[in-house]
Amino acid sequence: VNEADEEVSKGRAAFMEGEVEDAEEAYREALRMRPGDFGARYNLAVLLRVQGRKDEARALLDKALADPPEGHPELEKAQALWEKLGGVGS
């Protein structure tokens with residue numbers, strides 16, 4: 001497990017505890033470490049959507065889905081969220 005994966009895990013745990021600021025910080029740190037991290041982008045997009053920051057969430061998903069990792073466990077959920085946020089094909 002690398003440091004970016006640890007930050008994503010930390011973000012998920014913080015989000016589940018309702019600590020959205022800590023979660024956002026952890027996801028953004030993961031993206032600083034590994035800018036194309038699909039899991040960090042997806043989880044941050046979920047957090048942003050919950051906060052009503054839908055344009056930011058959609059922009060993150062646009063980037064994540066431009067070149068999605070084949071077989072990623074969150075790929076289908078990311079595509080569904082993107083469509084809900086007004087992505088092309090919705």
Side-chain angles (χ1 to χ4, degrees):
V1 177
N2 70 37
E3 291 180 24
D5 291 335
E6 290 175 10
E7 288 297 322
V8 172
S9 293
K10 190 180 352 176
R12 284 184 186 131
F15 186 74
M16 296 300 286
E17 293 293 321
E19 302 293 335
V20 292
E21 289 177 12
D22 291 342
E24 182 174 352
E25 185 178 313
Y27 295 143
R28 291 194 186 278
E29 181 61 24
L31 288 169
R32 278 190 285 280
M33 293 174 176
R34 194 169 53 204
D37 188 284
F38 188 85
R41 283 181 171 167
Y42 168 70
N43 285 287
L44 180 55
V46 169
L47 181 148
L48 293 170
R49 179 180 182 249
V50 167
Q51 291 183 319
R53 296 158 64 187
K54 294 178 182 178
D55 290 340
E56 289 177 75
R58 187 175 45 247
L60 268 174
L61 291 172
D62 284 343
K63 290 179 184 176
L65 294 170
D67 186 24
E70 218 173 288
H72 192 281
E74 295 168 323
L75 180 57
E76 287 184 23
K77 291 187 281 185
Q79 290 169 326
L81 178 58
W82 181 70
E83 289 180 10
K84 284 181 187 176
L85 291 170
V88 175
S90 58

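Hydrogens, waters and symmetry mates are skipped; everything else that's a heavy atom, side chains included, is used. No experiment lies behind these values; they were computed from the predicted model shown.
The closest side-chain heavy-atom distance from R34 to N2 is below 4.5 Å. Here the side chains of L75 and L65 are in contact, with some heavy-atom distance below 4.5 Å.
Closest approach of A57 to A45, counting heavy atoms only: CB-O, 3.4 Å. Considering all non-hydrogen atoms of both residues, A40 and V8 come closest at CB-CG2, 3.7 Å.
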Would you list the atom pairs, donor with acceptor, under 3.5 Å between side chains in residues 13-21 and any protein atom, with sequence neighbours excluded?
none

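Between the side chain of Y27 and the main chain of R12, a donor-acceptor pair closer than 3.5 Å is present. Within the 3.5 Å criterion, the main-chain N or O of P35 finds a donor-acceptor partner in the side chain of R41.
With respect to E25 and R28, no salt bridge is recorded, no charged nitrogen being found less than 4.0 Å from a carboxylate O.
The line from NZ of K10 to CD of E29 is 8.0 Å long, rounded to the nearest 0.5 Å. Atom CD of E3 and atom CE of M33 lie 5.0 Å apart (nearest 0.5 Å).
Taking P69 as the reference, F38, H72 meet the side chain to side chain contact (heavy atoms under 4.5 Å, CB included) condition, with sequence neighbours excluded. Residues that satisfy the side-chain hydrogen bond (donor to acceptor under 3.5 Å, both in side chains) test with R53, not counting sequence neighbours, are E24, Q51, E56. Residues satisfying the side-chain hydrogen bond (donor to acceptor under 3.5 Å, both in side chains) test with R49, not counting sequence neighbours, are none. Applying the side-chain hydrogen bond (donor to acceptor under 3.5 Å, both in side chains) criterion to D22, with sequence neighbours excluded, gives no partner residue.
Identified under the side-chain hydrogen bond (donor to acceptor under 3.5 Å, both in side chains) test for residues 62-71, with sequence neighbours left out: D62-W82.
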